[in-house]
Colleague: 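Shown below is the structure under consideration.
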Amino acid sequence: MADNALQSLFPRRRNTMQMAIDAMQSASNSAASNVSAPVDGIAWALRKAGVPMPEKPFMGSDWMADKGLTRPVEQSAASLAGETASLLTPLGVASKAPQIARGLLRMGENAMVPQALNKEAGMILYHGSNDNLPIKKINSGGVFGGLFASSSERSAASHGDAMYRMTIPDEKIMGVGDAVPFDQAKNIISQNIRKDSPHTDEITDMALHAKSAFDSSIPEGELLHALRSSSLGEADWELQRLRGELGKARGYKAVEMPDEHGTSYLVLPGTTARPANSDAKRLFGK
């Protein structure tokens, strides 16, 4: 009754407030659809492929409705204004769509791998090789002290015809932004560069944050001397190796690295590699 009385006293104000609420809700609905639409689409495709999926996938349209993030709004000038605003305004939630989609696709990819090849949940990485000998287990030899791999089978295939697959638990992958105690990192770096270099702190920072030798503020000659390298290209490789050493000391199985493919992973010694195509199987005598 009190609401009716207020409505009769302030009808215009109430209508204006409702229009504002409808406009904001419409903007929210429209922005949310930037995320929910690809999530719903990928979930539908995975179900059609026989991959078990939750009834209401995280950040899908049904999940958002249950959480009260979206609700129906009667079409009006206010709702149309809200939808238009959502198209013109770079709302933060829209930027999460690609990450969520990638997560769903990884779920599908992992689920489709035979259980014998997927004993651990995590990221599936691929390595392409033209070596005539089979790769059975990653060792510490070579320039980088590990084996570079990619989450993209196509990117890996550009490096060789024989394809290998490795599965690394997510918590065992050291990302570029992962926190590592600086003093511990500096101690490891100091053991791997020339003792007379005054740039241990800067090189430690470069290894921690996967920075390139080509972008270093250290004078080129001094950087090459510290890293025992004859060129900036070699120095870049050495920085990647040092980053791998940091990951190894922290107990990780792989380390994220930016490269020409966008992102690659240095898989550290001890990880088992399994053949992923007929060329690799042939090397194993299968």
Side-chain angles (χ1 to χ4, degrees), residues 42 45-46 48-53 98-99 101-176 210 233-234 236-248 250-286:
I42 293 170
L46 292 177
K48 292 295 259 184
V51 179
M53 293 293 297
Q99 294 93 316
R102 279 198 297 270
L104 281 173
L105 288 173
R106 188 186 300 173
M107 284 174 59
E109 186 179 37
N110 287 357
M112 295 301 288
V113 175
Q115 287 304 306
L117 300 180
N118 194 28
K119 294 180 180 179
E120 296 178 299
M123 180 177 283
I124 297 174
L125 298 175
Y126 299 94
H127 173 80
S129 172
N130 285 322
D131 199 320
N132 291 324
L133 295 175
I135 300 173
K136 297 182 179 180
K137 184 167 282 192
I138 313 305
N139 58 49
S140 58
V143 174
F144 302 102
L147 190 73
F148 268 99
S150 174
S151 59
S152 164
E153 195 169 354
R154 179 181 296 179
S155 295
S158 68
H159 294 279
D161 295 329
M163 191 73 63
Y164 296 88
R165 177 192 286 115
M166 296 146 280
T167 305
I168 312 292
D170 289 342
E171 68 274 9
K172 288 295 183 179
I173 299 175
M174 187 174 92
V176 172
E234 281 188 15
D236 237 18
W237 292 349
E238 178 62 10
L239 285 169
Q240 290 178 320
R241 188 190 73 82
L242 292 177
R243 184 163 166 74
E245 290 297 313
L246 297 182
K248 191 188 305 180
R250 298 283 292 173
Y252 289 100
K253 292 187 175 182
V255 178
E256 182 183 14
M257 306 269 192
D259 71 354
E260 69 272 19
H261 297 297
T263 300
S264 289
Y265 299 85
L266 179 63
V267 182
L268 300 173
T271 300
T272 300
R274 299 178 174 87
N277 68 359
S278 57
D279 289 317
K281 289 177 180 178
R282 198 177 301 120
L283 295 175
F284 277 78
K286 297 181 180 178

Colleague: Is any side-chain heavy atom of Ile173 closer than 4.5 Å to one of Val255?
Modeller: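 Not touching, per the 4.5 Å side-chain cut-off.
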Colleague: Supply the atom-to-atom distance Met257 CE to Asp236 CG, rounded to the nearest 0.5 angstrom.
Modeller: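 Going from CE on Met257 over to CG on Asp236, the span is 10.5 Å.
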Colleague: Rounded to the nearest 0.5 Å, how far apart are CD of Glu153 and OG of Ser158?
Modeller: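 Result: 11.5 Å between the selected atoms.
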Colleague: Kindly give the heavy-atom pair with the smallest separation between Lys253 and Thr271, and that separation in Å.
Modeller: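 Closest pair (atom of Lys253, atom of Thr271, distance): O-OG1, 4.1 Å.
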Colleague: I'd like to know if the side chain of Tyr265 reaches the main chain of Phe148, judged simply by a donor and an acceptor atom lying under 3.5 Å from each other, with no hydrogens or angles considered.
Modeller: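 No, the answer is negative, given that no donor and acceptor are paired below the 3.5 Å cut-off.
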Colleague: Rounded to the nearest 0.5 Å, what separates atom CD1 in Ile124 from atom OG in Ser151?
Modeller: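 Atom-to-atom, Ile124:CD1 and Ser151:OG are 10.5 Å apart.
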Colleague: Quick check: closest heavy atoms across Arg165 and Pro275, and the distance to 0.1 Å?
Modeller: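 For Arg165 and Pro275, the tightest heavy-atom pair comes out as NH1-O, 4.4 Å.
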Colleague: Restricting to non-hydrogen atoms, name the atom on Pro258 and the atom on Gln240 that form the minimum distance, rounded to 0.1 Å.
Modeller: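 Taking Pro258 first and Gln240 second, the nearest heavy atoms are O-NE2, 4.1 Å.
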Colleague: What's the shortest heavy-atom distance between Ser150 and Ala156, and which atoms?
Modeller: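 Closest approach of Ser150 to Ala156, heavy atoms only: CB-N, 4.4 Å.
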Colleague: Any side-chain to backbone donor/acceptor pair from Asp170 onto Gly122? Under 3.5 Å, distance only.
Modeller: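 Checking the backbone N and O of Gly122 against the side chain of Asp170, no donor-acceptor pair under 3.5 Å is found.
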Colleague: Could you check whether any side-chain heavy atom of Ile168 comes within less than 4.5 Å of a side-chain heavy atom of Leu125, counting everything from C-beta outward?
Modeller: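 Counting from C-beta outward, Ile168 and Leu125 do come under 4.5 Å.
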Colleague: Could you tell me which non-hydrogen atom of Ala276 sits nearest to which non-hydrogen atom of Ala280, and how far apart they are?
Modeller: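 Closest pair (atom of Ala276, atom of Ala280, distance): N-CB, 4.2 Å.
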Colleague: Check whether Glu256 reaches the backbone of Val176 with its side chain - one donor and one acceptor, N or O, closer than 3.5 Å.
Modeller: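 Yes, because the side chain of Glu256 sits within donor-acceptor range (under 3.5 Å) of the backbone of Val176.
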Colleague: If we only count heavy atoms from C-beta on, is the Arg243 to Met174 side-chain gap below 4.5 Å?
Modeller: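 Side-chain contact under 4.5 Å: yes.
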Colleague: Under 3.5 Å, is there a donor-acceptor pair between the side chain of His159 and the main chain of His127?
Modeller: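 No, the answer is negative, given that no donor and acceptor are paired below the 3.5 Å cut-off.
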Colleague: From Ser129 OG over to Asp279 CG, what is the distance, rounded to the nearest 0.5 angstrom?
Modeller: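 Spacing of OG (Ser129) from CG (Asp279) equals 10.5 Å.
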Colleague: Please tell me if the side chains of Tyr164 and Pro134 come closer than 4.5 Å, counting only heavy atoms from C-beta onward.
Modeller: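 Sidechains of Pro134 and Tyr164: in contact.
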Colleague: Search all heavy atoms of Leu268 against all heavy atoms of Gly244 and return the closest pair with its distance.
Modeller: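 The answer is CD2-O, 3.8 Å.
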Colleague: Between Asn130 and Asp161, is there a donor-acceptor pair closer than 3.5 Å when you use the side chain of the first and the backbone of the second?
Modeller: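 Confirmed, Asn130 side chain pairs with Asp161 backbone.
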